Asks: 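Got a structure for you, questions after.
Lettering of chains follows the sequences in order, A, B, ..., and the numbering in each one begins at 1. Please read all numbers here as calculations on a predicted model, not as lab measurements.
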There are 2 protein chains.
Amino acid sequence: METDKPAGKATRETSPAILLKRGGMRAHVDQAVRSALLTGRFIPGKAVTLRGLAQELGVSPMPVREVIQRLAAEHALEVLPNGRVQVPRMTASRFDEVLKARLLLEPELAAMALETGARLDARQLEKIDLEIDASLGTGDAEAYMALNHDFHFRIYEASRSTILLPLVESLWLQFAPFMRTVYGRVGTAHLVDWHKEAIKAIRGGSAAGLRAAMASDIREGMGLLGRSSFAVVEDE
Amino acid sequence: METDKPAGKATRETSPAILLKRGGMRAHVDQAVRSALLTGRFIPGKAVTLRGLAQELGVSPMPVREVIQRLAAEHALEVLPNGRVQVPRMTASRFDEVLKARLLLEPELAAMALETGARLDARQLEKIDLEIDASLGTGDAEAYMALNHDFHFRIYEASRSTILLPLVESLWLQFAPFMRTVYGRVGTAHLVDWHKEAIKAIRGGSAAGLRAAMASDIREGMGLLGRSSFAVVEDE
DNA sequence: TTGCGGAAAATGTGATCACAAATTAGAGGC
DNA sequence: GCCTCTAATTTGTGATCACATTTTCCGCAA
C-alpha cells in the first residue's frame, strides 16, 4: 500500500507539491527522456508507452504525449504505423549517414566555438576528460556516455549557435542509444586521445587543429564502436 | 444559427466525416502547417494560437498541440517563455548560420541522390523548373516557394537519406517564412539559372557538377534575397 | 489626449474520459 | 504439443474540462 496518489480527481488539485513555472511538467519529462536516451538507459527497440512513462515519472499522460511528439520530430523516437513508439534500431546505412553528418557539422561547430566563444574553459574540459578516463577505468558505461556528451557540448555550446547546434543534438539523440549497446563489446581504448588534442588546439587557438581533432575523435570513436553488429535486438 | 457543431459532446461522434487511419487528424494538421510555413503563408512573428489553428482546421486542440510541439522541436515554431507560440523572426546571425548549414548539407545530399538514386527524373525536374520560371513571371510568390521546394526535395529525396534529409527539412522550415517576406523586395532574376546547371549535371552523372550547382544556387538565392533587412516585423 | 486600473476574454497546461484498434492471454480443439 | 479462435487487456487518439496566467479591452481620471 503505497501513497495511492491518483494525481487529481477531475478538479485541479492546485499544486500537489510543486510545479513552479509554466510547462514545468513537460520540461521535466523532456529532460528525463533526453537524458535517458543520451546515456543509453533506453535501448534501441525498447517500446515506449504513454501511460508507462507517465506513471514512471509521476505525471499524467499529457506532458508525455507532447514530449514524445517532440522527440519523434527529432527522430530520437520512432512512431510505428500502429502508433506504437519505440527507440529506433540502428542500421548500417543509418550509421554511415550519422557518421557523415557528424563529420560535416561538428568540426565546423567546434571551430565556430573557438572563433566566437570566449568562454571556452580549457581547464574545465581537462577535468571532464580526466573523469572520462576514470569512467573507462571503472567500466561505468552510463557515466562515460554522459561525460563524453558533456565534453563535446561544452565546446559546441560555446559557439552560441542556434541552427547547427540543434541539428547536432538531434544526431546525438539518434546514435547515443546504439553506442551504449556496443559499449564493452569492443575495446574502449583509443590509440590516441583526441580529447587531449582538442584541448591543446583550444589552448593554442588553432581552429584547424580543433577541427582535425574533433573529426578524428568522431571517426575513431564511431569506427571502433560501430560496425560491430547492427542486428542488436535487445528486446524489452 | 449555423450548424452548431460543437464537434462532439462528451461521447465520441464516431467519424463525423472521415478520419480514416491512425493519427489521421495529426497528420492532416502537420501537413497543413508545414505547407503553410514552406510556402510563406505564415509570416515571421505571426502568433500561432492553439484554439485558433484548431478551429481553422476544423479539429480539436489536441492534434494541434502535438503538431506544435513537433514543429517547435524542429525550430520551425518558437515557444516563448509565456507559452505563446509564434513563427520565429529572422536575425542576421541566424541567417548566416542557415546559409552555412545549407552549404554543408545540401550539396552532399544532392551528390548522394546522384550516386545512389536511380529514380532521378531529369525530365520532371525540367518541367518543374519551367513552372518556376512561369511563377517568377507572374509574380506568384506562393507558387514559387512551393515549386522551388519541390525542385530541391525531388532531388534530395532520391538519396533515400534518413538522417541528412530530415536535418535539411528542418532548415527549410526555418528560413522559408523569412524568404517569403523578402520576395518581391529584390529582383528575382538570377544571373545564372543554377537549376538548369543542376539538371545538366544530373544528366551527365557529374556529382561534382551537381554539388557546385546546388552550392551556387543556395549561395546566390540567399545572397540576393537575404541580407535586405532583418527587422521585418509584419505583425499579425 | 494620455496614462492607469480593472474587468472580461483568450490562451496554454495538465488531467480525465470515451473509443477504436491492436496486442496479449487463455481456452478449446486437433 | 501446437495451432486457432475468442475474450480481456493495453495502448494511442481525439475531445473536453478546470484552472492559472496572460493579454486585451474599456472606462475613468489627470
Asks: Is B:Asp30 salt-bridged to B:Arg34, cutoff N-O under 4.0 Å?
Replies: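 Answer for the salt bridge query: yes.
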Asks: I need the CG-P distance between A:Leu57 and C:dG14, as an integer number of Å.
Replies: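 Taking atom P of C:dG14 as the reference, CG of A:Leu57 is at 13 Å.
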Asks: NA contact type, B:Val79, heavy-atom cut-off 4.0 Å: base, sugar-phosphate, or nothing?
Replies: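 Answer is nothing: B:Val79 stays at 4.0 Å or more from every strand.
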Asks: Give the nucleotide from the list D:dA18, C:dA15, D:dG14 with an atom nearest to the side chain of B:Arg51.
Replies: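 Within the option list, the nearest is D:dA18.
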Asks: Look at the side-chain N and O atoms of B:Ser60 and state whether any lies under 4.0 Å from the OP1 or OP2 oxygen of D:dA15.
Replies: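 Yes, such a contact exists.
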Asks: Quick test of your reading of the model: are B:Arg70 and B:Glu74 salt-bridged, counting only N-O distances below 4.0 Å?
Replies: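 No, B:Arg70 and B:Glu74 are not salt-bridged.
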Asks: Is the closest basic N to carboxylate O distance between A:Asp96 and A:Lys100 below 4.0 Å?
Replies: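 Looking at A:Asp96 and A:Lys100, the cut-off is not met.
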Asks: Mind calculating the distance between CD (A:Glu78) and P (D:dG12) to the nearest angstrom?
Replies: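 Between P of D:dG12 and CD of A:Glu78: 14 Å.
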Asks: Roughly how many Å is it from CD in B:Gln86 to C1' in D:dT23, rounded to a whole number?
Replies: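 Roughly 15 Å, once rounded to whole Å.
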Asks: Are side-chain N/O atoms of B:Ser93 and B:Glu97 paired as donor and acceptor at under 3.5 Å?
Replies: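 Short answer, no.
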Asks: Nearest to the side chain of B:Glu66 - C:dT13, D:dA15, D:dG14?
Replies: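 When the side chain of B:Glu66 is considered, D:dG14 is the closest of C:dT13, D:dA15, D:dG14.
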Asks: Pick base, sugar-phosphate or nothing for B:Arg65, based on heavy-atom distances below 4.0 Å to the nucleic acid.
Replies: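 Since a base atom lies under 4.0 Å of B:Arg65, the category is base.
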Asks: Whole-Å distance between C:dA10 P and B:Leu53 CG?
Replies: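 These atoms are roughly 16 Å apart.
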Asks: How do B:Pro61 and B:Asn82 order along DNA chain D: which one's closest nucleotide is nearer the 5' end?
Replies: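 Its nucleotide being nearer the 5' end, the pick is B:Pro61.
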Asks: Hydrogens and angles aside, do A:Gln174 and A:Ser170 bring a side-chain donor and acceptor to less than 3.5 Å of each other?
Replies: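 A:Gln174 vs A:Ser170: donor-acceptor pair found between side chains.
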Asks: Whole angstroms only, please: what is the CG-C1' distance between B:Leu50 and C:dG14?
Replies: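 Distance, rounded to whole Å: 13 Å.
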Asks: Measure from CZ on B:Arg84 to C1' on D:dA20 and round the result to the nearest Å.
Replies: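 So the two atoms are 13 Å apart, to the nearest Å.
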Asks: Which whole-number value in Å describes the distance from A:Leu77 CG to D:dG12 P?
Replies: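 The distance from CG of A:Leu77 to P of D:dG12 comes to 12 Å, rounded to the nearest Å.
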Asks: Measure from CZ on B:Arg70 to C1' on D:dT13 and round the result to the nearest Å.
Replies: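 The distance from CZ of B:Arg70 to C1' of D:dT13 comes to 14 Å, rounded to the nearest Å.
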